[in-house]
Amino acid sequence: MGLTYQHFENTEVVIGILALQGAFVEHQATIQNLSVKRKISVSLVRTVEDLELCDALIIPGGESTTIALLARLAGLLEPLRAFVKTKPVWGTCAGAILLSQVVEGTKKGGQEVLGGISITIARNGWGSQVESFEADLEVEGLRDSQTPFTGIFIRAPVVLTLTPSPADPPIQVIARLAPNLLPPSLPSLEDDDPKTIVALRQGLHFLTTFHPELTHDDRFHEYFVRECVLARAE
Ligand SMILES: NC(=O)CC[C@H](N)C(=O)O
């Protein structure tokens with residue numbers, strides 16, 4: 001994409017957290033306490049001016065329809081779409097829905113998206129009986145990757161299909177749910193079913209269908225900052 005991040009060299013890297021609704025405070029606390037090799041600061045984003053100060057953005061979990069509606073009311077929807085074209089964004093749960101290109105199971109009236117990642121995702125994709133569960137995830141590339149990460153899935157979305165066009169950056173799967181760890185009430189899945197994908201990267205962006213900010217484990221935050229933000233600043 002021809003981006004240069006030279007301006008990072010002598011300055012703080014500002015990680016924005018969209019703070020319209022949902023679990024933004026938890027993300028803020030985790031980022032603030034990260035120990036990484038560059039100075040980073042965290043900024044809550046509620047206005048276009050807030051967004052303009054950010055080098056990267058986290059969109060939290062919450063309610064994707066509400067977040068999109070509040071973003072529209074704040075005049076942030078188009079600026080967010082422009083941001084996604086040039087800067088790293090991580091969407092968690094509802095944020096993952098907003099980052100996707102196509103959403104199924106939307107509320108009446110549809111769902112506005114930012115469209116940074118070429119997938120089709122289903123809202124509340126694990127169905128209504130089991131709305132929340134936890135599962136251990138083995139994730140290559142995380143610090144201390146031998147230790148499983150506790151994935152907290154709260155009315156989580158499910159990846160249905162990967163739809164990159166030849167011109168799009170490739171999609172890299174970062175974590176899958178082991179089908180044998182799914183609650184027995186959920187339908188059984190083959191190991192390679194896209195529904196088992198719970199963390200992925202494409203180009204600048206990162207998506208997790210679960211909530212790393214609700215654990216006391218900062219490894220996904222560190223991963224995003226290290227791999228998606230700072231790696232591009234060097
Ligand atoms: N925990 C979450 O972020 C849930 C997402 C929610 N089901 C939505 O559609 O937006």
*Can we say Arg219 and Glu222 salt-bridge, meaning some charged N sits less than 4.0 Å from an Asp/Glu carboxylate O?*
no

Which pair of heavy atoms, one from [X] and one from [Y], lies closest together, and at what distance?
X	Y	result
Leu77	Ala68	CD1-O, 4.2 Å
Leu200	Ile117	CD1-CG2, 3.7 Å
Gly75	Val48	O-CG2, 3.5 Å

Would you say [X] and [Y] make side-chain contact, with heavy atoms under 4.5 Å?
X	Y	result
Cys54	Lys87	no
Thr163	Val102	no
Leu114	Ile59	yes
Asp136	Thr150	yes

*Return yes if a side-chain donor-acceptor contact under 3.5 Å exists between Ser118 and Gln202, otherwise no.*
yes

*Between Glu12 and Ser41: side-chain donor-acceptor atoms closer than 3.5 Å*: yes

*In a check of side chain to side chain donor-acceptor pair (under 3.5 Å) between His221 and each of Gln32, Glu213, His27, which one passes?*
His27

*asked:* Can you classify the ring geometry of Phe149 versus Phe220 as parallel (below 30°), tilted (30 to 60°) or perpendicular (above 60°)?
replied: perpendicular

*For the residue pair Phe210 and Phe153, does the interplanar ring angle fall in the parallel (under 30°), tilted (30 to 60°) or perpendicular (over 60°) class?*
tilted

Look only at the side chain of [X] and the backbone of [Y], and say whether a donor-acceptor pair between them is shorter than 3.5 Å.
X	Y	value
Thr30	Glu26	yes
Ser100	Ile119	no
Arg46	Ala19	yes
His205	Val84	yes

*Where do Leu98 and Gln111 land on the side chain to side chain contact (heavy atoms under 4.5 Å, CB included) test, with the steps shown first?*
CA-CA 8 Å; Leu98 288 163; Gln111 167 77 58; 3.6 Å; yes

